[in-house]
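Below is one structure, written out as structure tokens, with a few remarks after it.
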Amino acid sequence: MNMPVLSGWFRWMFAAAAIVGFYVLELRWPMLGVWLFVGLSLTLGMGHGALDTALLLGQFKPNIKALLYGLLYLVLTIFSAWVLSWSFAGALIALLLMSVWHFGELFAERMVLRLVVGGASVMAPALLQSAALSMLLQSINPQDASWLLSTWQVMAWVWTALVCYAVVAFIRSGHTQSMFGDKQRPLPARALLEITIVLILNAALSPLLAFALYFGLYHCTAHIARVQRATVRHQGLSKATLAWVWLTSMVLTAVLMFVLWRFLPTAAQWAASLDAQMLQWLVVTLGAVTVPHLLLVGYSDHWLGR
């Protein structure tokens, strides 16, 4: 047996063992999904968002221009937070739709494929874990939980129809031309792999834990690597500058988490149980920072490369 095959099988066995391990741990500690969702959002999530500084510095010259665009970025974040704070339900729906669009960024040249891949991690919970998702929504926002779940499920069935169309069109194409756009290319193996992993995660784990693992350990790390490759390719930033941006974001995040834990009265409640207000605040915050992040990454598509 050659080593590349062995290595490939080892990675799959490790991934399967990890999923089983998370399943067992979640049975023992039901709050594991909440903690990983919050923890990965405030660490890797914040870190991958902080690299937007690298995108600004790498694309906009001189630095004063990058600073002006950075101020615009900050204003848009504050404005988005103000608008999304009007309604948690509206903020959640907006975050779901933005996530579908953003998570499919690597397949931006083919619209259907972008929506299919980007929608997997967002729509799978409504199809595979509807009971758990209903309980989660009831815990966070009981007054809107019913129609939120219904809306989410409708979007999930639309996504399923889109997947079926993509599969049928791909089969009819005879693997020689793509139904996803003008380019004559078959369905990328990466898209199939990503969708498969997302479905397995959501079938085995709770919605929060499955999303936390996808967002923190896949999406964020993939984006970080993409930014690093782009900065080396364009030589727009030194590795030291990139490391400084990353380290600063991690230090600030650590300080923020310490302040929340040490001084806020809700910290003890949050540690003991699912704190609805904290999760509502996190959803609104994620939605607010996603707006400028999504726009900047989309604008930087050619600069970042694939």
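Checked against Y73 for a side-chain contact (heavy atoms from CB on, under 4.5 Å), the options T77, V75, L76 give a single hit: T77.
Within the 4.5 Å cutoff, no side-chain heavy atoms of M123 are placed close to those of V158. Looking only at side-chain heavy atoms (C-beta outward), W152 and L92 come within less than 4.5 Å of each other. Within the 4.5 Å cutoff, side-chain heavy atoms of L148 are placed close to those of I93. Contact of the V100 side chain with the M155 side chain is not registered, since no non-hydrogen atoms from C-beta on lie closer than 4.5 Å. Side-chain contact between H48 and V227: absent, with no pair of heavy atoms (C-beta onward) separated by less than 4.5 Å. For the pair L40/F215, no side-chain contact is recorded, criterion being any heavy-atom separation below 4.5 Å from C-beta on. Inter-residue side-chain proximity for P125 and F211 is flagged as unmet; no heavy-atom pair is nearer than 4.5 Å. Between L217 and T221 the shortest side-chain heavy-atom distance does not fall below 4.5 Å.
When the side chain to side chain donor-acceptor pair (under 3.5 Å) test is applied to W157, no partner is found at least two apart in sequence or on another chain. Listed by chain and number, the residues in a side chain to side chain donor-acceptor pair (under 3.5 Å) with Y299 amount to none (sequence neighbours excluded). The side chain to side chain donor-acceptor pair (under 3.5 Å) check on S206 picks up E26, with sequence neighbours excluded.
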Start with the C-alpha gap between H293 and H102, add the side-chain angles, then the distance that decides, and say whether side chain to side chain contact (heavy atoms under 4.5 Å, CB included) holds. CA-CA 9 Å; H293 175 67; H102 181 54; 3.2 Å; yes
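A chain of hydrophobic side-chain contacts below 4.5 Å, direct or via other Ile, Leu, Val, Met, Phe, Trp or Tyr residues, connects L208 to L127. When the side chains of ILVMFWY residues are joined at heavy-atom separations under 4.5 Å, either directly or via intervening members, V117 and L97 end up in a single hydrophobic cluster.
One distance of note links CG of N202 with CD1 of I197; it measures 12.0 Å at 0.5 Å rounding. For the atom pair CG (N141) and CZ (F88), the distance works out to 5.5 Å, reported to the nearest 0.5 Å.
Residue L205 comes nearest to Q129 through the heavy atom pair O-NE2, 3.2 Å, listed as atom of the first residue, atom of the second, then distance. Taking both residues in full, the closest heavy atoms of F107 and R114 are given as O-CB, 3.5 Å, listed atom of the first, atom of the second, then distance.
At distances below 3.5 Å, not a single donor-acceptor pair connects side-chain atoms of W159 with backbone N or O atoms of A124.
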